[in-house]
Amino acid sequence: MNFSRVTVPTLKEKPADAEIASHELLIRAGMMRNVAAGIYTFLPLGASALAKVENIVREEMNRAGACEIVLPNLHPAEAWRESGRWFQYGQEMMRLTDRQGRAFCLGPTAEELVTLAVAKSAPSYRDLPVNLYQIQTKYRDEIRPRFGLLRCREFRMKDAYSFHASYEDLDATYKRMYEAYVAMAKRCSLDVRVVEAPTGLIGGDVSHEFMVLSGVGEDIVVHCLNCDYGANAELEKHQPGRRFGTDSSYPLEEVHTPGLVSVTEVASFLDSSANNVIKCVLYVAGDELIAAFVPGYRELSEVKLARALGTDNFHPMREDERELFPQVTVGFVGPVGLSGVRALFDEELKGKKGLICGANRLDYHYRGVEEGRDFKAEPLVDIALATDGDRCVVCGSELIVTRGIEIGHIFKLGEKYSKPLNALFTDADGSLKPIVMGTYGIGTSRMLATIVEQHHDEKGIKWPKAIAPVDVEVITLNPDREEQLIAGREIYENMIKAGFSVLLDERELSAGVKFNDADLIGIPVQVIIGRKTSEQRTIDLKVRYTGERFEFPADGIEEKIIKVFNDIC
RNA sequence: CGGGGUGUAGCGCAGUCAGGUCAGCGCGCGUGCUUUGGGAGCACGAGGUCGGCGGUUCGAAUCCGCCCACCCCGACCA
């Protein structure tokens, strides 16, 4: 590859809309360009890096016994109507109509299509298990695309689907996929944390997310500092904290708290802290009002609440709904003497004393409140999010709460799709049974961005060897000096022959421009041909990742390049 | 979809409030010469329906209306 013959439009300035490093650098390094909100073109170097990621994914999938297929991106509505998801998926699905008025969508995922494909062969238990995957462009009409490749409307994903005659067999494949995902992340130099995850729209019983811990991640992850326990914050488990309430009893007392609504306001007014205030969050489910009580210093988890309620058909009470529920005084709701609402209590409230809560009367709170004496915390449920310092339910060590980028997600689906789609197999006893399924997704374009998030500095990208768009960049600083140009081209040819991919920068630009472009683009090894080559027949090598520099004689430099390249971890 | 904001040359921006040499700056781009070990210098030059449509006005990038696109916060979501 000759630099001047490849489209690599590098930019000096940060694009106005780039908020995170991967977005900025992939644009500035000339690897991709924005086309519309959440839609990107991959230019040659970006496409090459993406292909590296996808090949690693492909190799690990094949190694794990899966078979690659190619499903269409245009899905007929019919398949999605049968599974019921045509209606569930809502506006996130890109829908379109053909000239005959038939409805289609652009595939956001492909459970329906593979399931139908497999079911059509009416397999017997002897044909199972199978594990099919594809690496495809996916479409989801995200409410708000953002962060460059991290949240797109069109993105690249590997999606796999396994089919089994038994749940035991599903477990075995699930485990292999789990291991394959860990291997993929490792080969991509991504430090991944596997956590228990909510199943969302895909459904199923068991599910794990593969999270790369990062400050720019959109998910909140809770994990143990000591053991392997980790979970999405939406459903983590933690030991009830000991920070809430006091040990000693106080008399129940009503206090005037004019206009004080928030936990912090009330706490500071009463010279107390959020550790003593009962927080009340109001939700509406149909015509029922739900009051969820949690410790004042914690946040409520809507996923946990949904689990406790047995439905996700509820929403936070809106301003305009207040008049529908005159039984509560919004802002001053407390569990003492409350009626006409469905109340739920976080497990941490059990047996606590010396608490503060709303008095169910405008501008008044109670203090000295005691669970058991002044109200009963029933039903007692786990509905609060963890905070730093909570204790692990597995080993009792400290939990920490961090942000994470979800690169992969695997699910045990069971019969969720095979039943409605009537995907059956013939078991050994001759009976027809629904196929047991699993589904496994990993976002390859998101991985690419995540790799850049994890591997960059102020100068640009520092590609890990396995992902770099090319292996070696040869820079001729003075291409008008014939001996330099010849040396550059010779090294280029020899390295290609040796099986490496090479980018040759022989542009007639000043040295600084080429050095800076090289650092921005982040090719692992830079081969620098310049004055030293002309005057003393030596060539400098620079390792982008570490910044190390080496000077070698020009003769036999290829061996040195290969050694330096191989020594990079 | 609610709230906020932005659309002016390939990129980053000024100009808009007080309508009239306001079509401008930096970077980039082209040509020539001098340069070339960390974003070079000089000279000349190309490039813009000022997001779109309509309106007000003698006159609109600037004022008004509608629309579109994009960005941020939120709700939502693998």
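Values below: all heavy atoms of this structure, side chains included; hydrogens, waters and symmetry mates excluded. What you are looking at is a predicted structure, and each value in this text was computed from that prediction instead of being measured.
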Per A/Glu92 side chain, nearest of listed nucleotides B/C76, B/C77, B/G37: B/C77

Touch class at under 4.0 angstrom, heavy-atom based, for A/Arg507 against every strand present: nothing

Pairing residues for A/His23 by the ring-ring contact (aromatic ring centres under 6.0 Å, His included) criterion, not counting sequence neighbours: A/Tyr40

Shortest side-chain distance from A/Ala36, nucleotide among B/C77, B/C70, B/G39: B/C70

A/His409: ring-ring contact (aromatic ring centres under 6.0 Å, His included) partners, not counting sequence neighbours: A/Phe411

Spacing of the C1' atoms in B/C44 and B/U8 (rounded, Å): 26 Å

Contacts of type ring-ring contact (aromatic ring centres under 6.0 Å, His included), residue A/Phe314, not counting sequence neighbours: A/Tyr283

Any residue meeting side chain to side chain donor-acceptor pair (under 3.5 Å) with A/Lys158, in chain and number order, not counting sequence neighbours: A/Tyr181

A/Phe155 six-ring face occupied by A/Lys138 cation (under 6.0 Å, within 45°): no

Sorted by number, the residues of residues 452-461 of chain A with heavy-atom contact under 4.0 Å to RNA chain B: A/Lys459

Sugar-phosphate, base or nothing in reach of A/Glu19, heavy atoms under 4.0 Å: sugar-phosphate

Side chain to side chain donor-acceptor pair (under 3.5 Å) partners of A/Lys175, counting only residues at least two apart: A/Glu179

With A/Glu483 via side chain to side chain donor-acceptor pair (under 3.5 Å) - residues at least two apart: A/Arg481, A/Ser534

Report each atom pair, protein N/O against N/O of nucleotides 41-47 of chain B, whose distance is under 3.5 angstrom.
none

Under-4.0 Å side-chain N/O to phosphate OP1/OP2 contact, A/Arg144 with B/C73: yes

Contact nearer the 5' end of RNA chain B, comparing A/Ile539 with A/Glu302: A/Ile539

Heteroatom pairs (N/O) under 3.5 angstrom, protein to nucleotides 8-11 of chain B:
none

Touch class at under 4.0 angstrom, heavy-atom based, for A/Asp540 against every strand present: base

Residue list, ring-ring contact (aromatic ring centres under 6.0 Å, His included) with A/Tyr178, at least two apart or on another chain: A/His208, A/Phe210

Residues forming a side chain to side chain contact (heavy atoms under 4.5 Å, CB included) with A/Ala231, sequence neighbours excluded: A/Glu196, A/Tyr229, A/Leu235, A/Glu236

Sugar-phosphate only, base, or nothing, as touched by A/Arg549 at under 4.0 Å among non-hydrogen atoms: base

Partners meeting side chain to side chain donor-acceptor pair (under 3.5 Å) with A/Thr546 (sequence neighbours left out): A/Glu548

Contact under 4.0 Å: A/Ser510 side-chain N or O vs B/A40 OP1/OP2: yes

